[in-house]
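Remarks on the structure that follows.
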Amino acid sequence: MKTHEFSMEGAGIELQEDTAATVEDRDEAGMEDKEIEASEGNKKTMIPGIIYLGHIPPRLRPRHIRNMLSVHGEVGRIFLQAEDRFVRKKKKRSGSNARDFTEGWVEFRDKRVAKLVAASLNNAPMGTRKKNRFHDDLWNIKYLHRFKWSHLSERLAIERQVRQQRMRVEVSQAKRETNFYLQNVERSKKFSKAERKKTAGQTEAEPKNQQWNFTQRKTEAEIQTMKTSSGSGDKRRIQKRMELAEKAQEKSQTSKLLLHKIFNAA
């Protein structure tokens, strides 16, 4: 009986030990679950933040920015705006094929880190060492409040549409100018052909309709009639002159009589 009791007591001790171990395991598992939930909650509460880079020095690439800024926090997406096409064309004409950027946007996984980076690195040198090629360049950073990456993608899409529309307008205008020029060229060709035809028709018609104008010698009767007509005309002229002279004399006589009467009366 004693042995039986002893065995029961030992079994009770073992059962108690097993139940304690299971409780400890459950507590550890609960702690692990709480830690996982807390870490997941922290991840959920992490809101990404975006900073704006106003100055991009030459030969600076996204990998360089990622290497420089990943020291301060986890970096997400990076976008750098390339130069315009006319600037590239000028560079190609001058002999340099380097592709540079004008501005950029960097996304941090946590917006608090982005705010700290913008506040601490603004107007600070990019390179910590003197041997670094970007040591003399300064950061131009600004934190964008309530700005999301979707806003940037929408802005880029709008700029792309505006650029395409501008290109369409320029292409249509160029087509109109070329069509107008070609129409004028065709019209000038038609006018030149018509003028050539007119000149050719005139040259062909001239020898057919050509008239020979000969000056024929006048007869003696014609000469005498001309003389008589010229003599009668001279007589008429002489008569007119005589009449005018007589009228002038009469006027002078009347004027003399008037003067004589005036002075004699006085």
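Not measured: the values here are computed from a predicted model. Note that the numbering runs from 1 along the sequence shown for the chain.
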Closest approach of [X] to [Y] (non-hydrogen atoms, all atoms of both residues):
X      : Y      : result
Asp137 : Pro57  : OD2-CB, 3.2 Å
Val71  : Asn67  : CG2-O, 3.8 Å
Leu138 : Met126 : O-CE, 3.7 Å
Ala118 : Lys142 : CB-C, 4.3 Å
His64  : Leu60  : CB-CD1, 3.5 Å

> Are side-chain heavy atoms of Asn122 and Asn140 found at a separation under 4.5 Å?
Replying inline: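 Of all side-chain heavy-atom pairs linking Asn140 with Asn122, at least one is under 4.5 Å.
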>> In this structure, would Ile56 and Leu121 fall into the same cluster of hydrophobic residues linked by side-chain contacts under 4.5 Å?
In response: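 Cluster IDs for Ile56 and Leu121 match.
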Quick one: [atom1] on [X] to [atom2] on [Y], what's the gap to the nearest 0.5 Å?
X      : Y      : atom1 : atom2 : value
Gln183 : Thr178 : CD    : OG1   : 9.5 Å
Leu53  : Leu80  : CG    : CG    : 7.5 Å
Arg66  : Glu74  : CZ    : CD    : 9.5 Å
Phe101 : Ile65  : CZ    : CD1   : 8.5 Å
Met68  : Phe134 : CE    : CZ    : 5.5 Å
Ile51  : Lys115 : CD1   : NZ    : 13.5 Å

Quick one: side chains of residues 168-176, donor-acceptor pairs under 3.5 Å with protein atoms, not counting sequence neighbours, listed by atom name and distance.
unit_1	atom_1	unit_2	atom_2	d
Ser172	OG	Arg168	O	3.2
Ser172	OG	Val169	O	2.7

> For Arg59, what residues pass the side-chain hydrogen bond (donor to acceptor under 3.5 Å, both in side chains) criterion, not counting sequence neighbours?
Replying inline: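 side-chain hydrogen bond (donor to acceptor under 3.5 Å, both in side chains) list for Arg59, sorted by chain: empty.
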> So Lys148 and His151, side chain to side chain contact (heavy atoms under 4.5 Å, CB included) or not? Walk me through it.
Replying inline: CA-CA 5 Å; Lys148 297 180 181 179; His151 298 161; 4.2 Å; yes
> Where the side chain of His72 meets the backbone of Leu69, is there a donor-acceptor pair that is under 3.5 Å apart?
Replying inline: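 No; judged by distance alone, with no hydrogens or angles, the pair does not exist.
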>> Donor-acceptor check, side chain of Arg109 to backbone of Met46, threshold 3.5 angstrom: yes or no?
In response: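 No: the side chain of Arg109 does not pair with the backbone of Met46.
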>> Please give the remaining members of the hydrophobic cluster of Tyr52, linking ILVMFWY side chains under 4.5 Å, ordered by chain and number.
In response: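 Ile50, Phe79, Trp105, Leu144, Phe147, Trp149, Leu152, Leu156, which link up through side-chain heavy atoms under 4.5 Å apart, make up the rest of the cluster.
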>> Looking at Arg155 and Glu159, is any side-chain nitrogen of the basic one under 4.0 Å from a carboxylate oxygen of the acidic one?
In response: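 Here Glu159 pairs with Arg155 in a salt bridge, since their nearest N and O are under 4.0 Å apart.
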>> Counting only heavy atoms not in Gln164 (residues, nucleotides, ligands), do more than 12 fall under 6.0 Å from its CD?
In response: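 Atom CD in Gln164 is crowded, with more than 12 foreign heavy atoms closer than 6.0 Å.
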